Amino acid sequence: MRIYNTLTGKKEEFVPINPGKVGMYVCGITAYDVCHLGHARSAIVFDAIKRYFRYRGFEVKHVRNITDIDDKIIARAQKENVTTEDIAKKYTDEYSIDMARLGVSKADVEPKATEYIAGMIDVINGLIAKGYAYSANGDVYFRVSRFSEYGKLSKRTLDEMMAGARVEVDEKKENPMDFALWKASKPGEPWWESPWGKGRPGWHIECTAMSTKHLGESFDIHGGGADLIFPHHENEIAQTEAFTGKPFVKYWLHNGFITVDKEKMSKSLGNFFTIKEILDKYDPEIVRYFLLSTHYRSPIEFSDAQLKEAEAAIDRYYTTVLRIEDAIQNTEHRAQSTEQKITEDFGKLISTLKEKFMDAMNDDFNTALALGHIFELIRETNKFLDSKPSGDKAKTLLANVKEALKEVGGVLNIFNRTPDEWYRSLMKIRNIGLSEQDILNKIAQRQEARQKKDWALADNVRKELDALGIILEDKKDSTRWKVRIS
RNA sequence: GGCGGCGUACCCAAGUGGCAAGGGAGAGGUCUGCAAAACCUUUAUCCAGCGGUUCGAAUCCGCUCGCCGCCUCCA
């Protein structure tokens, strides 16, 4: 497996620190507001990465933190006149709901910053003892000039950072680039007792305390959005390596942004869509597919048109599954079968899918390419179905292809429902004012008309349903309904 | 100002040295009572532009243009 490492700026062969095991820490959220699609991207991308590692037999320990104490949480709590715990709890719960709806698996450990204050204080004490940090009026700062490798992740030097500096000069800091490990609490703010007085942790220190606690002082993968490279991850490296004297993380992975009109989707620009808003209009599988159809490091432009395309692609998959199922049912048991050559070729294609899928994923988790391979096989499957396959051999192959598609789709956590479930979900989201039974009644009515060759009546039923977004597909001796994709 | 990234068909998108995946949209066809789905053909002699390296480049190097990101909280 080759993985792009932000630290080295290159794709590198993945060699875990402990053979067969992967320690993985991904920055979660600060619980001060509902999540938008950008948060979904990070979560989904790293969820797919984790699933792929497991698929390949690695034992993965995944840690995803929740920041439940921070300036923004305090500000929000004050504004709403509630406690910071209330705010953090509310948005942590919202986050969990969003993630569950998106099909993002839970991390093995989901630590909250406030539960690790003691550990953070230990680290800060250690840093002060080693001369990497200093206290000033109840604050504690990391002395960046002491850490010679500061800037190695974000690829810039202290001098360069100072040059373009938009940093506020703070009297208490020795150097404007020094960052807070501990902040003295102001009146009315939550606080914890510490050697430096009542205060609360700075943002970066929690990740050091929690990641090393659960994954050890050195671990394999640390991920997050590209906007965390600086200062967050840079600072994590500085404080952790200064403290432990060991390399912190072997592979740093960062996902690209979601853009709207080419601009980064962000809170401050106000050009964001919340996960809830999106899921009101689109099935979660569509969102996952959309986010995985572009390589995780590239920017991805958000638009309705894009989501509709994703919807069409998924529908193509489920439509093919329907065809496969119909064919399996209608294929009679017979040793004698379709042309040898056709079945042989098709059998080969099925067996290469997993290989191609893994090749794609092995190359820095190229989910877009992997999806391409899946759709190539879908086309070939449809072609095979068009050849009107018959016999036991063909039947087996069709069962195999269905299984293979499901297996690789499962790694990305897509294509994991039945076509019926897919259409029911679409029907629900679109608020089509019909029950499934209503539709079946209409189909029966139309079927009767068709038997009498009353084409006008039959077509009217079709039109009626079409107006509601339901389309009918006539098979040999049955009719199936689907939700129209457009 | 510093650092980094991107620019592939009508749209999305993979491809980082050897004849340009995949999806959507369009056109024509096969199939169908009509449809839909599916399949077939078709849409980039070419990968922002210019120059260079090479037997050979979308892929490497240089320059130009355009877009974006980080340098402040940010997935």
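Only a predicted model underlies this, so the values are computations on that prediction, with no experimental measurement involved.
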**OP:** Tell me which nucleotide among B:C12, B:U72, B:C34 gets nearest to the side chain of A:D459.
**Re:** B:C34
Subject >> Separation of atom NZ in A:K476 from atom P in B:A38, rounded to whole Å >> reply: 18 Å
**OP:** For B:A48 versus B:U59, give the span between their P atoms, rounded off to a whole number of Å.
**Re:** 8 Å
**OP:** For the side chain of A:L369, starting at C-beta, report the closest nucleotide among B:C34, B:A21, B:U16.
**Re:** B:A21
Original post:
Is A:K475 atom NZ crowded by more than 12 heavy atoms from other residues, nucleotides or ligands, each under 6.0 Å away?
Top reply: yes
Subject >> Nucleotide nearest A:P231 when distance is taken to its side chain, options B:G22, B:A75, B:C73 >> reply: B:C73
Subject >> Who pairs with B:C39 - Watson-Crick or G-U, where each distance is under 3.5 Å >> reply: B:G29
Original post:
How far, in whole Å, is B:G15 from B:A9 if one measures between their P atoms?
Top reply: 16 Å
Original post:
Expressed as a whole number of Å, how far does the P atom of B:A58 sit from that of B:U8?
Top reply: 15 Å
Subject >> Proximal nucleotide (of B:G22, B:C11, B:A35) relative to the A:Q306 side chain >> reply: B:C11
**OP:** Return the 5'-most residue of the pair A:H295, A:T319 with respect to RNA chain B, ranking by each residue's nearest nucleotide.
**Re:** A:H295
Original post:
Which nucleotide in the list B:A38, B:C34, B:C12 gets nearest to the side chain of A:E309?
Top reply: B:C12
Subject >> Counter-base of B:A58, judged by Watson-Crick or G-U geometry with both distances under 3.5 Å >> reply: none
**OP:** Kindly state whether the pair A:W455 / B:G33 counts as stacked, where counting means centroids closer than 5.5 Å and planes tilted less than 30° apart.
**Re:** yes
Original post:
Nearest of B:G15, B:G2, B:C39 to any side-chain atom of A:E160?
Top reply: B:G2
Subject >> B:G22 versus B:C34 - spacing of their C1' atoms, nearest Å >> reply: 32 Å
**OP:** Quick one: label A:L472 by what it contacts on the DNA or RNA (base, sugar-phosphate, nothing), any heavy atom closer than 4.0 Å.
**Re:** base
Original post:
Counting heavy atoms not belonging to A:D261, are there more than 12 under 6.0 Å from its CG?
Top reply: no
Subject >> Atom-to-atom span, NZ of A:K383 to P of B:U41 - whole angstrom >> reply: 7 Å
Original post:
For RNA chain B, whose closest nucleotide is more 5', that of A:R156 or that of A:I300?
Top reply: A:I300
**OP:** Would you mind classifying the nucleic acid contact of A:I258 as base, sugar-phosphate or nothing, using non-hydrogen atoms under 4.0 angstrom?
**Re:** base
**OP:** Assess whether atom NZ of A:K482 is packed by more than 12 heavy atoms of other residues, nucleotides or ligands within 6.0 Å.
**Re:** yes
**OP:** Could you work out the separation of B:C68 and B:G29 based on their C1' atoms and round it to a whole Å?
**Re:** 44 Å
Original post:
More than 12 foreign heavy atoms under 6.0 Å from CD of A:E174: is that the case here?
Top reply: yes
Subject >> Interatomic distance where CD belongs to A:E380 and P belongs to B:A38 [whole Å] >> reply: 14 Å
**OP:** Test the A:K267-A:F272 pair against the cation-pi criterion, namely NZ or CZ under 6.0 angstrom from the six-membered ring centroid and within 45° of the ring axis.
**Re:** yes
Original post:
Contact class for A:G372 (heavy atom, under 4.0 Å): base, sugar-phosphate, or nothing?
Top reply: base
**OP:** Would you please confirm or rule out a distance under 4.0 Å between OP1 or OP2 of B:G22 and any side-chain N or O of A:R379?
**Re:** yes
Subject >> B:G51 to B:C67 separation - P atoms, rounded to the nearest Å >> reply: 24 Å
Original post:
What integer distance in Å separates A:F357:CZ from B:A21:C1'?
Top reply: 16 Å
Subject >> Base-pairing mate for B:C3 - Watson-Crick or G-U, with both contacts under 3.5 Å >> reply: B:G69
Subject >> Distance-only donor-acceptor test (3.5 Å): side chain A:R297, base B:G4 >> reply: no
Subject >> Nearest-nucleotide pick for A:E473, side chain only, options being B:C34, B:A75, B:A36 >> reply: B:A36
Original post:
Taking the same atom, C1', in B:C60 and in B:G18, what whole-Å distance lies between them?
Top reply: 15 Å
Original post:
More than 12 foreign heavy atoms under 6.0 Å from NZ of A:K354: is that the case here?
Top reply: no
Original post:
How would you label the contact of A:G9 with the nucleic acid (heavy atoms, under 4.0 Å): base, sugar-phosphate, or nothing?
Top reply: nothing
Original post:
Looking at the side chain of A:K72, which of B:C40, B:G33, B:C73 is the nearest nucleotide?
Top reply: B:C73
Original post:
Between B:C11 atom C1' and A:F290 atom CZ, what is the distance in whole Å?
Top reply: 13 Å
Original post:
Of all the nucleotides listed (B:C39, B:G15, B:G23), which has the minimum atom distance to the side chain of A:A313?
Top reply: B:G23
**OP:** Please state whether the phosphate of B:C39, meaning OP1 or OP2, lies under 4.0 angstrom from any side-chain nitrogen or oxygen of A:N382.
**Re:** yes
Original post:
With sugar-phosphate meaning primed atoms plus P, OP1 and OP2, does A:R64 contact a base, only sugar-phosphate, or nothing at under 4.0 Å between heavy atoms?
Top reply: nothing
Subject >> Nucleotide paired to B:C10 in any strand shown, Watson-Crick or G-U, under 3.5 Å >> reply: B:G24
Subject >> Rounded C1' spacing from B:U32 to B:C39 in Å >> reply: 14 Å
**OP:** Confirm from the modelled atom types if A:R462 and B:C34 form a donor-acceptor pair under 3.5 Å, side chain to base only.
**Re:** yes
**OP:** Grab the CG-P distance between A:L228 and B:C73 for me, whole Å please.
**Re:** 11 Å
Original post:
Just checking, A:K11 and A:Y4: is the charged tip under 6.0 Å from the six-membered ring centre and within 45° of the axis?
Top reply: no
Original post:
Paired with B:C63: which nucleotide, if any, by Watson-Crick or G-U wobble criteria at under 3.5 Å for both distances?
Top reply: B:G49
Original post:
Any idea which of B:C73, B:G2, B:C67 is nearest the A:K262 side chain?
Top reply: B:C67
**OP:** Check the distance between B:C71's P and A:N235's CG and give it to me in whole angstrom.
**Re:** 12 Å
**OP:** Test ring-ring contact (aromatic ring centres under 6.0 Å, His included) on A:F14 and A:Y251 and set out the steps.
**Re:** CA-CA 8 Å; A:F14 178 71; A:Y251 305 94; 5.1 Å; yes
Subject >> Rounded distance in Å - CG (A:L457) to P (B:C34) >> reply: 18 Å
Subject >> Side-chain donor/acceptor of A:D474 to base of B:C34, under 3.5 Å >> reply: yes
Original post:
Does OP1 or OP2 of B:G23 have a side-chain N or O of A:R316 closer than 4.0 Å?
Top reply: yes
Original post:
Are the aromatic ring centres of A:H254 and A:H233 under 6.0 angstrom apart?
Top reply: yes
**OP:** Verify the contact: side-chain N or O of A:K264 to OP1 or OP2 of B:C68, cut-off strictly under 4.0 Å; return yes or no.
**Re:** no
